[in-house]
Amino acid sequence: MKISKTFKRAGIVLLTFFAVMSVIIAIALNFIFTPEKITPEVVQIINENIRGKVDCERIELTFFPSFPRFGIRLKNGAVLPPTHSGSGDTLAAFNDAQVILNMYKLLAKNELHINNIRLNRPDIHAMVDSLGNPNWDVLGLVTDTIPADTTESGFSFKKIVLKNLEIQHGNLLYEDGLSKNNYQVHDFNFRVKAVKGDKGLFLNTHNKSDNISMYKDGGKPYQIKNITIISTLFYDRSDRTIHIKESDFSLNDIHFSTKGQIQLYPEQQELSADLETRLVTNSFKNIVELIPPHILHNEKIDTEGKVDLRLTVNGLYGKDHQPRIDASLHIDHASLAYSDFRGKIEDISVRATSVLFPDGAAPSSVTIDHLRVNGTGVHIDASGNIEHLFENAVFDIALKSNIDFTEFHANFPVDENIKAKGNIEADLKTNFKLNDLTGNHYENINLVGNLQFDDVDIDSPKDSLWFRTRQLQTSFFRQKNERSNMAGNVDIRDARLVYKNDLDFTAEEITADLKVDQQGEKKVKLDMTMGLKTLRFTSKSDSLRGIVKKANGEARLFPEEEGKAAYITSRFTIDSAALRQKKDFVAIKQGNYVMRLDKKAPKKWAPKGHVNFHRLIAYSPKMGVPLKMPASRISFENDNITLDHAKFHFGNSDATLTGNIQHLKGFKSGDPVTATLEVDADFIDANQLMQVFSSPPDEVVDVDNMEKIDQEVATDALKGEKHTFKIPDNLRFTLNTNINRLKFGDMDMRNIYGRARIKEGTMKLEDFHLNTLAAQLQADISYSAKTNKEADLDFRLYLSNIEMDQIHRVFPVLDSLFPMTRSFEGKADFRLKGNAKLSEDMDIKIPTLKGIAALKAHDIIVLDGPTFSDLAKTFMFKNKEKNPIKELNMEMTFEESHLEILPALLEIDRYQLAVGGIQNLDMSYDYHISVLKSPVPFKTGVDVKGNFDDYDISLLNKAKYKYYFTDKERLLKKADSLVINRKSDILHQLEFN
């Protein structure tokens with residue numbers, strides 16, 4: 001009883017003690033050792049005892065979650081690498097981390113014993129730079145360095161021990177600056193346990209990841225999935241050697257065993273590796289199961305045979321060294337069959353070895369003693385070797401195969417969506433150096449044998465691939481001549497290739513002969529002659545389709561020589577060819593092509609040559625009318641073309657062009673396109689051309705049958721109406737024109753010559769000359785438009801010897817602003833200069849017109865009309881149906897929708913009159929007539945106001961213009977000098993003498 005009471009009292013005491021201690025610890029953690037207080041202190045202590053740097057937003061002490069040990073919990077932290085590592089990047093970033101400590105050894109012995117570190121979803125960026133410096137050695141394991149004893153906080157550890165490290169759902173990027181190999185591990189779980197021994201550190205690691213990507217700098221990644229690595233390691237601190245006692249690497253349950261050791265040389269930034277890896281799971285069935293199901297079904301499969309795969313790594317690894325790698329693969333008489341199918345692969349045998357020296361210390365090689373696959377519908381035998389793998393690789397390969405797709409498809413579980421039939425037979429031997437292949441030195445390539453396809457039809461919808469051919473034969477041989485050069489031929493009949501439900505090629509018949517012709521040491525070339533019956537191709541994504549009929553040609557490839565790049569010369573003759581994209585097309589009849597391609601880069605060839613053709617026709621809805629060319633020659637170099645009297649028929653227009661156009665790609669890319677052309681034309685329909693530039697809707701024309709293009713092109717798509725157009729900003733054209741006839745609006749112009757310049761969206765006609773309306777016209781015109789709705793026009797028009805009643809046809813706006821020209825009969829010189837905006841229909845917007853004009857006429861007739869009759873009665877003219885005027889000179893200004901006629905002198909009958917005033921757009925006017933000489937012995941003035949239907953004539957007013965036309969200097973000074981100066985300035989600007 002007493003003992004029972006004793007235990008009971010002891011239990012109460014202990015519970016009371018733990019309760020009190022719990023309260024004390026809780027108070028300490030929540031009120032004394034708060035995160036705000038300990039975070040900067042702990043961060044400082046950690047940074048003074050490691051070689052890197054830790055940043056952390058919040059650190060809190062824990063006891064109850066990590067009972068019975070104290071712990072530290074870190075929130076939103078990052079570990080930065082040592083500054084000398086050459087990387088300024090973050091080594092690790094985490095949202096949550098937990099550290100379990102041995103507080104007794106920390107407080108009593110000043111030793112940091114970490115029982116466990118757990119990181120949740122960290123992002124880790126580990127690397128070794130090009131000098132071999134790692135950014136992850138924050139504890140000095142590699143360099144064997146420790147921080148200084150003296151620290152700012154006064155707190156340093158005698159020893160740091162890490163027993164366990166766990167990473168859950170981490171992501172790792174490892175960059176190796178020495179080998180240029182990079183590894184990216186996605187969603188991995190890692191655990192390492194460390195036990196300190198007398199001589200070093202024992203480590204047990206367990207790593208599992210769903211996906212590892214491996215890639216060279218700038219290369220495409222290679223992925224490995226479902227990887228597990230379990231290792232037992234010992235790190236001997238005395239000689240810095242990692243002994244791999246046991247390591248199991250598994251890939252989809254295929255296990256590899258690795259043993260050996262890695263010795264570190266930190267001072268030299270190198271390590272020495274001596275490792276051996278072998279395949280533990282050596283059943284051939286396990287290897288077959290590695291093949292993805294979409295390539296090879298692995299259900300209900302029976303296999304026999306073993307696989308022996310061994311890999312050894314031995315040597316130094318560092319900046320200037322990489323270890324030797326030896327590998328061997330042996331598969332002897334393995335077999336494969338399916339329970340539910342009759343087919344069987346009876347013999348699968350492989351014997352291959354490789355010796356690799358990545359640092360180039362010795363030649364690397366791969367040898368395939370034999371590779372044999374024999375079974376139902378499949379017979380393959382291959383052997384060969386590759387020497388000097390990392391230098392100028394030398395290939396020596398032999399292949400014999402016979403694949404019966406029909407038999408194979410019927411006896412094996414091929415994907416039901418894949419259809420295959422036909423037979424492929426190959427018997428090939430080749431020996432060559434890689435540099436000879438890439439450098440086009442085909443004379444050094446030894447290739448003999450045959451390849452034949454018979455009635456092959458392969459359709460794989462899921463791969464978007466369909467290939468069919470009735471016959472494809474190729475043969476390669478050595479010519480029986482003194483040089484014994486390589487030659488070959490190709491014969492394709494009824495072939496079709498469809499890829500990704502987009503590209504579609506169909507060939508009725510293609511033949512080609514190849515030969516290597518060596519003429520001396522450096523004049524080696526590859527000759528090819530070919531014939532083509534009919535080739536059709538389409539590209540749905542680009543809405544592109546084309547056809548080539550009856551083509552013959554030859555091509556020669558000259559390899560790169562010292563100081564001279566490789567190039568290709570070719571000649572082709574095509575009976576007909578056509579290319580269409582949506583509703584755009586171009587077709588050529590009887591074309592002859594001569595072309596040379598000069599190699600400028602590995603995948604870039606610069607073309608140069610010329611093409612002759614009997615007929616060409618092209619069409620685009622943006623043009624609206626077809627472009628036709630009779631027999632012509634066009635030379636080209638890259639995207640530059642030269643025209644030599646090339647004839648064009650474009651809608652109603654026809655012209656001959658001579659000159660060059662540079663950078664044709666700019667029409668599509670928007671880069672500058674320059675041209676210098678001589679334009680000789682019989683007829684130009686300017687209205688129709690402007691409609692083309694204005695880009696009408698696409699539905700104008702639809703063409704379906706490209707072989708009957710001439711009959712199907714609609715030539716009446718446009719009605720020849722004027723239309724403003726925007727000139728592309730990237731055009732830089734200079735056109736020297738000589739045009740017999742040009743139609744613009746209602747005007748019919750002839751004998752046109754001058755220069756047209758197009759630059760930065762503006763077209764300028766410089767010193768243009770033409771004949772129109774029984775008149776000679778000299779013009780400078782500048783045209784620009786930001787949209788197809790409105791344009792700006794600057795003009796200078798000099799008309800000589802023009803019928804006065806036809807002036808308004810040259811400049812229609814004068815019909816409203818200067819209607820009196822229709823009342824005169826006779827010829828005059830008329831000059832006009834100014835600027836205005838054009839409407840969508842190419843008509844001048846009268847409110848925007850500003851300019852000056854002048855007219856000089858002799859011996860003209862003023863026609864009888866209502867206004868003139870009334871004036872004749874007023875002045876008592878001898879009114880006739882036609883009234884002669886000896887001389888008429890006028891200066892005018894246009895502004896704000898009206899025409900102002902400055903005082904002008906005219907003589908009619910017995911009178912000398914001075915006329916001036918305003919003519920408005922609404923046909924109203926306000927004119928003044930000063931009578932300077934008449935039968936009446938005094939000067940008077942008459943005002944005429946109103947319009948042609950309703951006007952008033954006011955008599956006996958003051959003669960406003962009586963001083964403007966006198967020889968007496970005294971009287972001339974009384975005239976308004978501003979008016980006189982305006983008249984003089986207009987004549988000067990218009991170059992009227």
Side-chain angles (χ1 to χ4, degrees), residues 645 647-648 650 652-659 675-690 693 722 725 727 731 733-759 762-784 791-814 818 821 826-836 838 842 844 851-858 892 986-993:
H645 294 87
K647 295 184 178 180
F648 291 81
F650 187 69
N652 299 330
S653 305
D654 64 85
T656 300
L657 301 183
T658 301
T676 302
L677 297 171
E678 300 288 336
V679 182
D680 293 292
D682 290 329
F683 177 67
I684 297 293
D685 188 340
N687 299 332
Q688 194 176 65
L689 293 179
M690 288 188 290
F693 278 107
K722 296 183 297 179
F725 58 97
I727 300 174
L731 300 187
F733 281 18
T734 299
L735 309 175
N736 295 308
T737 62
N738 187 0
I739 303 171
N740 290 333
R741 181 183 168 212
L742 181 142
K743 183 180 180 182
F744 179 78
D746 296 329
M747 290 190 295
D748 199 349
M749 308 178 190
R750 298 179 183 274
N751 300 326
I752 303 169
Y753 61 92
R755 176 173 294 177
R757 296 183 186 272
I758 298 175
K759 184 178 181 181
T762 299
M763 177 174 62
K764 293 184 178 181
L765 307 182
E766 300 173 350
D767 198 23
F768 249 66
H769 296 262
L770 58 90
N771 294 333
T772 180
L773 306 171
Q776 294 180 350
L777 173 65
Q778 180 185 355
D780 288 325
I781 297 175
S782 176
Y783 172 96
S784 63
D792 292 319
L793 185 71
D794 292 313
F795 54 86
R796 180 187 65 84
L797 305 176
Y798 289 2
L799 291 94
S800 302
N801 207 28
I802 186 172
E803 293 289 345
M804 288 190 65
D805 61 351
Q806 297 295 318
I807 291 178
H808 71 279
R809 295 190 61 189
V810 177
F811 209 65
V813 70
L814 294 180
F818 197 23
T821 57
K827 294 186 178 182
D829 292 340
F830 183 75
R831 298 187 178 185
L832 183 67
K833 182 178 182 181
N835 58 75
L838 300 180
M842 291 291 286
I844 287 180
I852 58 175
L855 179 145
K856 287 189 176 184
H858 300 273
M892 294 158 271
I986 290 173
L987 293 174
H988 176 73
Q989 289 190 51
L990 297 176
E991 301 174 302
F992 257 137
N993 294 327

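Worth saying up front: this structure is predicted, and the values here are computed from it rather than measured. Numbers here simply count residues along the sequence, with the first being 1.
Atom CG of Asp829 sits about 8.0 Å away from atom CG of Leu855, to the nearest 0.5 Å. Within the model, atoms NZ of Lys647 and CG of Asp682 stand 8.5 Å from one another, a figure rounded to the nearest 0.5 Å. Atoms CG and OG1, on Leu765 and Thr737 in that order, are 8.0 Å from each other to the nearest 0.5 Å. For the atom pair CG (Asn771) and CG (Asn751), the distance works out to 5.0 Å, reported to the nearest 0.5 Å. Taking CG of Asn740 as the reference point, atom CG of Leu770 lies at 12.5 Å (rounded to 0.5 Å). For the atom pair Ser784 OG and Lys759 NZ, the distance stands at 14.5 Å (nearest 0.5 Å).
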Requested in this report: Take Leu838 and Tyr783 through the side-chain contact (heavy atoms from CB on, under 4.5 Å) test and state the conclusion after the steps.
Outcome: CA-CA 10 Å; Leu838 300 180; Tyr783 172 96; 3.9 Å; yes
Report task. Might you work through the side-chain contact (heavy atoms from CB on, under 4.5 Å) test for Leu657 and Val679, ending with a clear yes or no? Result -> CA-CA 5 Å; Leu657 301 183; Val679 182; 3.6 Å; yes
Query - Stepwise side-chain contact (heavy atoms from CB on, under 4.5 Å) test for Phe683 and Asp654 - result: CA-CA 6 Å; Phe683 177 67; Asp654 64 85; 4.1 Å; yes
Query raised in the report: Step by step, would you call Arg757 with Met763 a side-chain contact (heavy atoms from CB on, under 4.5 Å)?
Result: CA-CA 6 Å; Arg757 296 183 186 272; Met763 177 174 62; over 6 Å; no
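Screening Arg831, Lys833, Met892 against Ile852 for a side chain to side chain contact (heavy atoms under 4.5 Å, CB included) leaves a single residue, Lys833.
Residues Phe768 and Gln778 have side chains not in contact (no heavy-atom distance under 4.5 Å, counting atoms from C-beta outward). Taking 4.5 Å as the limit, every side-chain heavy atom of Thr734 sits out of range of all side-chain heavy atoms of Leu677.
Residues passing the salt bridge (charged side-chain N to carboxylate O under 4.0 Å, His left out) test with Asp767: none are found, sequence neighbours excluded.
Here the closest non-hydrogen pair linking Ala836 and Phe795 is N-CE2, 4.4 Å. Across every non-hydrogen atom of Thr658 and His645, the tightest pair is OG1-N, 3.1 Å. Heavy atoms only, all atoms of each residue included: Leu777 and Leu799 are closest at CD1-CG, 3.8 Å. What you find for Thr762 and Ser782 is that their closest heavy atoms are CG2-OG, 3.4 Å. In terms of heavy atoms, Lys827 sits closest to Ala857 at O-CB, 4.0 Å. Here the shortest heavy-atom pairing between Ala854 and Ile986 reads CB-CG2, 4.3 Å.
Looking only at atom types and distance, the side chain of Arg755 has a donor-acceptor partner in the side chain of Asn736 under 3.5 Å away. For the residue pair Glu991/Tyr798, the side-chain donor-acceptor check at 3.5 Å is satisfied.
No more than 12 heavy atoms of other residues, nucleotides or ligands lie within 6.0 Å of NZ in Lys764, so this atom counts as exposed by the packing criterion.
Side chain of Thr676 to backbone of Gly659: no donor-acceptor contact under 3.5 angstrom is found. A donor-acceptor pair under 3.5 Å is formed between the side chain of Ser653 and the backbone N or O of Asp685.
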